[in-house]
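Keep in mind that this is a model prediction, so the values were computed, not measured. One is the number of the first residue; the rest follow in order along the sequence.
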Amino acid sequence: MKTCFGFAAMTRTPAAPTPLPRHLAVLVLLCMGCAFAGNHVAARAAFDDGAGVLLAILLRSGGTLLVLAAMVLWQRQSLRLAPGAWRWQLTLGLLIGAQSLCLYSAVARVPVALALLVGNVFPILLALLTWALGGPRPTARTAALMGMILVGLVFVLEVPARLASQQSVGPQWLLGVGLAFCAACVFACALWVTDHKLSQVRGSVRSLLTIFIVFGSVNLAGLTGALPGGFDLPATRTGWLALATLVVLYGTGFIVLFISVPRLDMPRNAPVMNIEPLATLLIGWLVLDQMLNPGQVLGGAIVVTGIVLLTYRKVERVKAQVAGPAG
């Protein structure tokens, strides 16, 4: 899932850099989407080898934190926040930490692609949350796309077949799907906080502080025993290799996006990042031999198409609003 907590805010730099040619920008975003997909597949491989969920998040956030801290120090950026912003920054960090925990816990229980598809319904939840908190009401087009995404999820989760079956779906499947949905809910809240409460904070500083809070909260959870087995070590070298791959893929994806976002024309190209669930499906099949059935693949295509259309319309509207007064 897109772990940037507010790509758009990262683009607010004093001098606008020259955008990359669109084909290069799209290529970068496709590669980063695949990197994030590979990160989740590597996580599942590590969990299958006995690694704890907290250990994976700790290594992932720790590696990224070191690089971000070096960048912020090199750029000599101040970590001072405006009065009243610290509580929202803490809230954001805890929300991202909870999202990571829920999503990785879902990945450990159900096929990775299924967990990612359920987790990627956060645009629907964000639109509803914004409306509930006084924002604009979703348009008829938006509501139709939301319905389209939900129909796709019905196929992904095989709801008709499971209702007709006499066999129980099993507690692990229900828990995994529930955790993936919780990850979507928490991420939607995090994006709302970023957009409405922390939009004036420099993107690099907000990212660094968020990752630091995630790192600290995971350590605290492990030390207090809040999640038994969370720091379990892999049983073999395969698990350690998977953890190393996870750290490299996530860190590379995050840092490359962090550096490149001002030149990627995100209002135009952001929907490309929705390649992540489809890339997860392919990589999960190649690495883990996890494959969704044709009905689930069709549902996944419907979900991703709906999300792309929903996101594309939103970012195009934002771009038009920004460009309008200047014309």
Side-chain angles (χ1 to χ4, degrees), residues 1-5 31-73 92-109 112 115-116 119 176 179-180 182-183 186-187 190 204 206-259 276 279-280 283-284 287-288:
M1 182 178 295
K2 284 67 69 181
T3 45
C4 58
F5 10 94
C31 290
M32 295 308 97
C34 291
F36 289 129
N39 143 69
H40 290 104
V41 173
R44 177 57 185 262
F47 300 150
D48 287 346
D49 199 57
V53 171
L54 289 180
L55 177 65
I57 299 175
L58 182 71
L59 294 176
R60 187 185 80 169
S61 59
T64 306
L65 177 62
L66 289 176
V67 178
L68 278 178
M71 290 176 59
V72 170
L73 287 175
L92 176 62
L94 294 176
L95 287 171
I96 294 297
Q99 184 257 350
S100 299
L101 178 60
C102 288
L103 189 56
Y104 268 11
S105 297
V107 164
R109 290 170 171 82
V112 185
L116 264 290
L179 285 167
C182 285
V186 174
F187 193 57
S204 55
R206 184 178 61 248
S207 299
L208 174 63
L209 293 176
T210 301
I211 291 292
F212 176 76
I213 294 169
V214 171
F215 182 79
S217 60
V218 168
N219 270 295
L220 182 61
L223 293 175
T224 58
L227 187 65
F231 280 159
D232 286 352
L233 303 179
T236 68
R237 286 189 299 178
T238 300
W240 285 109
L241 178 61
L243 285 176
T245 303
L246 178 157
V247 172
V248 170
L249 288 177
Y250 178 84
T252 301
F254 188 93
I255 298 303
V256 169
L257 282 174
F258 180 85
I259 295 172
E276 184 182 353
T280 301
I283 300 172
V287 177
L288 302 173

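Listed here is the closest heavy atom pair of Ile283 and Cys34: CD1-O, 4.0 Å. Between Phe47 and Gly52, the shortest heavy-atom distance links the atoms CE2-O, 3.8 Å. Looking at every heavy atom in both residues, Val214 comes nearest to Ser61 through CG1-CB, 4.1 Å. Shortest non-hydrogen contact noted between Leu92 and Ala190 is CD1-O, 3.5 Å. Across Gly176 and Ala106, no two heavy atoms sit closer than the pair O-CB, 3.3 Å. Pairing each heavy atom of Leu55 with each of Pro234, the nearest pair is CD2-CD, 4.1 Å.
The closest side-chain heavy-atom distance from Leu68 to Phe212 is not below 4.5 Å. Thr64 is not listed as a side-chain neighbour of Phe215, based on a closest heavy-atom distance of 4.5 Å or more.
A distance of 10.0 Å separates OH in Tyr250 from CD1 in Ile57, rounded to the nearest 0.5 Å. The CG atom of Leu241 sits 11.0 Å away from the CG atom of Leu246 when rounded to the nearest 0.5 Å. Remark: Tyr104 OH to Leu54 CG distance equals 12.0 Å, nearest 0.5 Å. To the nearest 0.5 Å, atoms CG (Asp49) and OG1 (Thr236) are separated by 3.0 Å. With values rounded to the nearest 0.5 angstrom, Asn219 atom CG is found 10.5 Å from Thr224 atom OG1. Residue Arg60 holds its CZ atom at 12.0 Å from CG of Leu243, rounded to the nearest 0.5 Å.
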Q) Step by step, would you call Ile96 with Phe187 a side chain to side chain contact (heavy atoms under 4.5 Å, CB included)? A) CA-CA 7 Å; Ile96 294 297; Phe187 193 57; 4.1 Å; yes
Q: Given side chain to side chain contact (heavy atoms under 4.5 Å, CB included), test Leu179 with Leu103 step by step and report yes or no.
A: CA-CA 6 Å; Leu179 285 167; Leu103 189 56; over 6 Å; no
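Note on residues 31-44: pairs passing salt bridge (charged side-chain N to carboxylate O under 4.0 Å, His left out), not counting sequence neighbours, are Arg44-Asp48.
Residues that satisfy the salt bridge (charged side-chain N to carboxylate O under 4.0 Å, His left out) test with Asp232, not counting sequence neighbours, are absent from this structure.
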